[in-house]
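Working notes, structure below.
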Amino acid sequence: MYQQILFAADFSEDALRVGERARDIARKCGAKLSLIHVVEDVNISLGGGYELLPVLPDLPDEALLQESRNALGNLAQRLDITDAGLWVVNALSTKEGIIGAAKDHHIDLIVVGSHGRHGLALLLGSTANAVLHGAPCDVLAVRI
Ligand code: AMP
């Protein structure tokens with residue numbers, strides 16, 4: 001039975017459904033559930049004439065992290081989870097953030113959605129796929 005479950009939460013419309021699955025498995029197993037949201041480091045050094053700066057939100061890092069903490073707290077509330085760990089981490093990529101936390105906290109099941117809100121993931125490979133290939137434990141991709 002799983003003892004430490006990690007739900008990788010984006011804030012897409014389907015996050016609730018994926019979270020419900022993670023919560024229900026955690027309850028059945030008597031496992032500890034933690035929620036993680038990764039704020040990726042934005043790399044604006046693409047060069048080559050890309051004019052990315054004007055479309056980036058004018059927010060300091062700490063404000064972005066705080067906004068994510070609030071959103072994660074809201075999601076936990078909507079899931080009726082009161083005792084979960086809520087982790088917002090900053091990492092180079094979502095995959096690295098999730099896998100790093102899984103290793104640090106001896107997670108034995110990671111729950112992700114089969115896809116989320118990154119249209120680019122269709123081209124680059126989804127987070128679910130990336131996590132599956134680097135995870136130190138089982139991974140459940142909840143079909144969306
Ligand atoms: P995507 O790569 O956007 O298709 O997302 C697939 C799944 O990865 C989502 O359903 C979430 O479970 C997870 N995920 C995506 N982005 C994040 C993020 N920033 N932090 C944590 N989990 C994420």
Side-chain angles (χ1 to χ4, degrees), residues 1-46 50 52-144:
M1 276 298 178
Y2 298 113
Q3 295 183 333
Q4 295 280 350
I5 299 179
L6 183 63
F7 163 39
D10 61 6
F11 303 127
S12 66
E13 286 176 6
D14 295 305
L16 202 57
R17 210 158 69 75
V18 181
E20 281 169 356
R21 187 62 59 90
R23 178 199 63 197
D24 293 349
I25 293 172
R27 283 183 182 162
K28 281 219 169 81
C29 297
K32 176 158 175 42
L33 177 64
S34 301
L35 277 58
I36 185 170
H37 179 76
V38 182
V39 176
E40 286 186 5
D41 290 334
V42 180
N43 183 2
I44 54 170
S45 58
L46 283 178
Y50 288 101
L52 277 181
L53 273 175
V55 299
L56 288 174
D58 186 21
L59 288 171
D61 284 350
E62 187 44 45
L64 199 60
L65 293 172
Q66 191 54 48
E67 200 181 306
S68 297
R69 281 184 208 113
N70 294 343
L72 204 56
N74 285 340
L75 186 59
Q77 253 182 2
R78 291 175 71 195
L79 286 165
D80 198 23
I81 300 169
T82 49
D83 51 353
L86 302 179
W87 306 334
V88 171
V89 304
N90 197 206
L92 270 181
S93 70
T94 301
K95 170 194 168 177
E96 281 182 37
I98 294 170
I99 288 175
K103 286 180 177 160
D104 289 351
H105 296 276
H106 307 292
I107 296 296
D108 46 22
L109 177 69
I110 299 171
V111 180
V112 290
S114 61
H115 63 258
R117 59 179 186 167
H118 300 116
L120 264 186
L122 295 173
L123 297 173
L124 301 178
S126 70
T127 303
N129 201 32
V131 167
L132 181 61
H133 286 99
C137 60
D138 290 359
V139 178
L140 172 64
V142 177
R143 174 75 55 203
I144 293 171

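In this text the structure is predicted, and so the values were computed from the model without any measurement. When a ligand or atom number is given, it counts from 1 through the structure's own listing order.
A donor-acceptor pair under 3.5 Å is formed between the side chain of Arg23 and the backbone N or O of Leu79. In terms of modelled atom types and a separation under 3.5 Å, the side chain of Ser114 and the main chain of Ile144 share a donor-acceptor contact. Side chain of Arg69 to main chain of Leu86: no donor-acceptor pair is present (N/O by atom type, distance under 3.5 Å, no hydrogens or angles).
Considering only heavy atoms from C-beta on, Asp83 comes within 4.5 Å of Ile81 through its side chain. By the 4.5 Å heavy-atom criterion applied to side chains, Thr127 and Val38 are not counted as neighbours.
Of all atoms in ligand 1, listed by their number and element, those nearer than 4.0 Å to a heavy atom of Ile36 are 21 (C). Below 4.0 Å from some heavy atom of Thr127 lie the following atoms of ligand 1, by number and element: 1 (P), 2 (O), 5 (O), 6 (C), 8 (O), 15 (C). Interface of Val112 with ligand 1, defined as ligand atoms under 4.0 Å from a residue heavy atom, comprises 12 (O).
Between the choices Ala141, Gly113, Ala101, the shortest heavy-atom distance to atom 10 (O) of ligand 1 belongs to Gly113.
Other residues, nucleotides and ligands contribute at most 12 non-hydrogen atoms within 6.0 Å of the CD atom of Gln3.
Here Ser12 has no heavy atoms under 4.0 Å from ligand 1, in either its backbone or its side chain.
Between Ser114 and ligand 1, no pair of N/O atoms sits closer than 3.5 Å. Of the polar atoms of Ile144, none of the N or O atoms is found under 3.5 Å from an N or O of ligand 1, judged by distance alone.
Under a 4.0 angstrom heavy-atom cut-off, Val18 registers as lying outside contact with ligand 1.
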